[in-house]
Amino acid sequence: MRSRQRVIKLILLVLSRPNKLTRRDLAEKLEVSKKTIDEDVAEIRKAGLDFQQNTSNHKCSIIPDSKFKELEYLMPLTSQEQFSISTAIDKYCGGSEKAKRLKNKFYSLYDFQSLGIQALRRPEIEKLDLLEAAKNKEHRVILENYRSNSNEVRNRTVEPFDIDSEHGMLQAYDVDDQETKHFKLNRIERVHPSEKPWEFKREHNYKYTDVFRIADNNRVPVQLQLDVYAYNALVESFPKSRADILPGAKVNTYNFQSKINANFLGLTNFIMGNRGHVKILSPEILKEHILKEAQKIIDHIKNQD
């Protein structure tokens with residue numbers, strides 16, 4: 001199965017450096033064989049992107065002679081356009097394998113469009129390159145001015161061991177706090193390489209990250225019914241959720257089934273922020289949790305001066 005993450009990284013590399021890299025260069029950067037790159041390029045062309053290679057120097061480009069002036073053609077689809085295309089695929093192809101392939105291709109391109117404009121900026125590509133180099137060398141890096149949820153901005157010395165560029169997440173061992181943590185790539189101002197090797201490799205504990213980007217191996221299965229409004233809100237804020245959504249039994253409804261962190265972090269805010277558009281099907285403990293959170297809000301408002 002072709003790696004979506006690698007194909008997206010390949011596209012971003014070529015778009016950010018038009019006519020600078022050969023297929024062999026791409027193979028070295030992505031640490032795969034040239035044959036794999038050739039196969040990836042074939043898939044990119046099948047998806048409708050115009051991948052070209054200069055016949056004299058073998059350098060690659062996707063949008064010829066663009067110098068980024070034609071990036072307007074890669075602007076993300078609106079939620080209505082996305083919904084219309086998805087609905088049309090369902091209408092004309094039903095639940096067939098052809099429909100699944102078409103929707104997967106469409107969603108892959110949509111994810112790329114959503115990622116593309118931000119990730120094409122050179123600092124973002126450089127962050128990924130530096131993190132991947134450090135991971136491969138098993139060296140530490142410094143995440144400069146990382147903005148955390150604790151309302152704190154400071155440097156973090158880490159040992160990076162898992163980079164999810166598709167969803168913008170880094171798993172790394174925090175040397176100062178002495179624990180494995182998740183970091184959002186867009187909250188890192190800069191990445192500074194270090195010559196210091198890893199010291200805590202045995203402590204690099206990979207944690208499953210759910211669709212709400214919460215790292216927790218303690219998970220529970222959740223099932224929701226969404227209307228179109230909630231569907232759009234979920235996939236636009238959390239693209240990874242798309243793989244866990246199927247058309248519902250009723251028209252204009254969707255069924256979301258996924259394993260979520262047991263504390264329901266992220267999911268709680270989504271449900272409460274989209275009240276009236278989401279129905280909790282299971283588990284019962286999720287319903288109880290939402291009722292308790294709602295009561296906390298009521299009590300907080302009552303106790304205000």
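A heavy-atom distance below 4.5 Å is not found between the side chains of Asn145 and Ile188. The shortest distance between side-chain heavy atoms of Asn263 and Ile214 does not fall below 4.5 Å. Between Asp244 and Val211 the shortest side-chain heavy-atom distance falls below 4.5 Å. With contacts defined as side-chain heavy-atom distances shorter than 4.5 Å, the pair Glu293/Thr268 qualifies. When side chains are defined from C-beta on, Phe270 counts as touching Leu226, because their heavy atoms get closer than 4.5 Å. Side-chain contact between Cys60 and Arg23: present, with at least one pair of heavy atoms (C-beta onward) separated by less than 4.5 Å. The shortest side-chain heavy-atom distance between Val222 and Ser258 does not fall under the 4.5 Å cut-off. Within the 4.5 Å cutoff, the side chain of Ile37 has heavy atoms near those of the Leu30 side chain.
Under 3.5 Å, the side chains of Gln178 and Asp176 contain no donor-acceptor pair of N or O atoms. Defined by atom type and a distance below 3.5 Å, a donor-acceptor pair is missing between the side-chain atoms of Asn136 and Glu132. Side-chain atoms of His204 and Thr180 form no donor-acceptor pair, as typed in the model, at a separation below 3.5 Å.
With a 6.0 Å radius and a threshold of 12 heavy atoms from other residues, nucleotides or ligands, Arg24 has its CZ atom at or below the threshold. Annotation: Tyr229, atom OH; neighbour count of heavy atoms from other residues, nucleotides and ligands within 6.0 Å does not exceed 12.
Taking NZ of Lys59 as the start and NZ of Lys20 as the end, the distance is 7.5 Å to the nearest 0.5 Å. Here Met169 contributes atom CE and Asp162 contributes atom CG; the two are 10.0 Å apart, rounded to the nearest 0.5 Å. Within the model, atoms CG of Asn57 and CD of Gln53 stand 8.5 Å from one another, a figure rounded to the nearest 0.5 Å. Here Leu246 contributes atom CG and Gln257 contributes atom CD; the two are 7.0 Å apart, rounded to the nearest 0.5 Å. Here the straight-line distance linking atom OG of Ser282 with atom CG of Leu224 works out to 8.0 Å at 0.5 Å rounding. For the atom pair CD1 (Ile280) and CD1 (Ile285), the distance works out to 11.0 Å, reported to the nearest 0.5 Å.
Residues Asp177 and Arg154 are paired through a salt bridge, judged by an N-O separation under 4.0 Å between the basic side chain and the carboxylate. In this structure, Arg140 pairs ionically with Glu199, as a charged nitrogen and a carboxylate oxygen lie closer than 4.0 Å. The existence of a salt bridge linking Asp25 and Lys29 is excluded, since no basic side-chain nitrogen approaches an acidic carboxylate oxygen closer than 4.0 Å.
Between Phe256 and Phe212, the ring planes lie perpendicular to each other; the angle is over 60°, past the 30° to 60° tilted range.
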- Message: Apply side-chain contact (heavy atoms from CB on, under 4.5 Å) to residues Lys135 and Val141 and explain how you reach the verdict.
- Response: CA-CA 9 Å; Lys135 172 190 169 185; Val141 297; over 6 Å; no

- Message: Let's go through Arg156 and Glu144 carefully: what are the C-alpha distance in whole Å and the side-chain angles of both, what is the deciding distance for salt bridge (charged side-chain N to carboxylate O under 4.0 Å, His left out) to 0.1 Å, and is it a yes or a no?
- Response: CA-CA 7 Å; Arg156 306 292 185 93; Glu144 183 178 320; over 6 Å; no

- Message: Go through it in stages, so that I can follow the logic: the residues are Arg213 and Lys184, the test is side-chain contact (heavy atoms from CB on, under 4.5 Å), and I'd like the CA-CA distance, side-chain angles, deciding distance and then a yes or no.
- Response: CA-CA 9 Å; Arg213 306 188 185 102; Lys184 290 187 176 181; 4.3 Å; yes

- Task: Under the side-chain contact (heavy atoms from CB on, under 4.5 Å) rule, what do Asn255 and Gln223 come out as? Steps first, then yes or no, please.
- Result: CA-CA 7 Å; Asn255 189 279; Gln223 186 174 5; 3.0 Å; yes

- Task: Tell me, with the steps shown, if Ile245 and Val235 meet side-chain contact (heavy atoms from CB on, under 4.5 Å).
- Result: CA-CA 9 Å; Ile245 300 175; Val235 299; 3.7 Å; yes

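Cluster annotation: Leu130 and Val158 are assigned to the same hydrophobic cluster (Ile/Leu/Val/Met/Phe/Trp/Tyr, side-chain heavy-atom contacts under 4.5 Å, transitive). By the criterion of side-chain heavy atoms lying less than 4.5 angstrom apart, applied directly or through intervening Ile, Leu, Val, Met, Phe, Trp or Tyr residues, Leu286 is grouped together with Met272 in one hydrophobic cluster. Both Val278 and Ile297 sit in one connected hydrophobic cluster of ILVMFWY residues. Membership requires side-chain heavy atoms under 4.5 Å apart, directly or through other members.
Between Pro160 and Ala172, the closest heavy-atom pair is CA-CB, 3.7 Å. The shortest heavy-atom contact between Gly276 and Asp227 is O-OD2, 4.2 Å. The shortest non-hydrogen separation linking Pro221 to Pro283 is O-CD, 3.5 Å. A pairwise comparison of heavy atoms in Ala262 and Asp216 identifies N-OD2, 4.4 Å as the closest pair. Nearest heavy-atom pair, Pro197 versus Glu159, reported as atom, atom and distance to 0.1 Å: O-OE2, 4.4 Å.
When atom types are taken as modelled, the side chain of Lys127 and the backbone of Leu185 share a donor-acceptor pair closer than 3.5 angstrom. Side-chain N or O atoms of Ser241 include one that pairs as donor or acceptor with a backbone N or O of Phe238 at under 3.5 Å. With hydrogens and angles disregarded, a donor-acceptor distance shorter than 3.5 Å links the side chain of Asn261 to the backbone of Leu265.
Put simply, the residue from Phe200, Trp198, Phe183, Phe161 that forms a ring pair (Phe, Tyr, Trp, His ring centres under 6.0 Å) with Tyr173 is Phe200.
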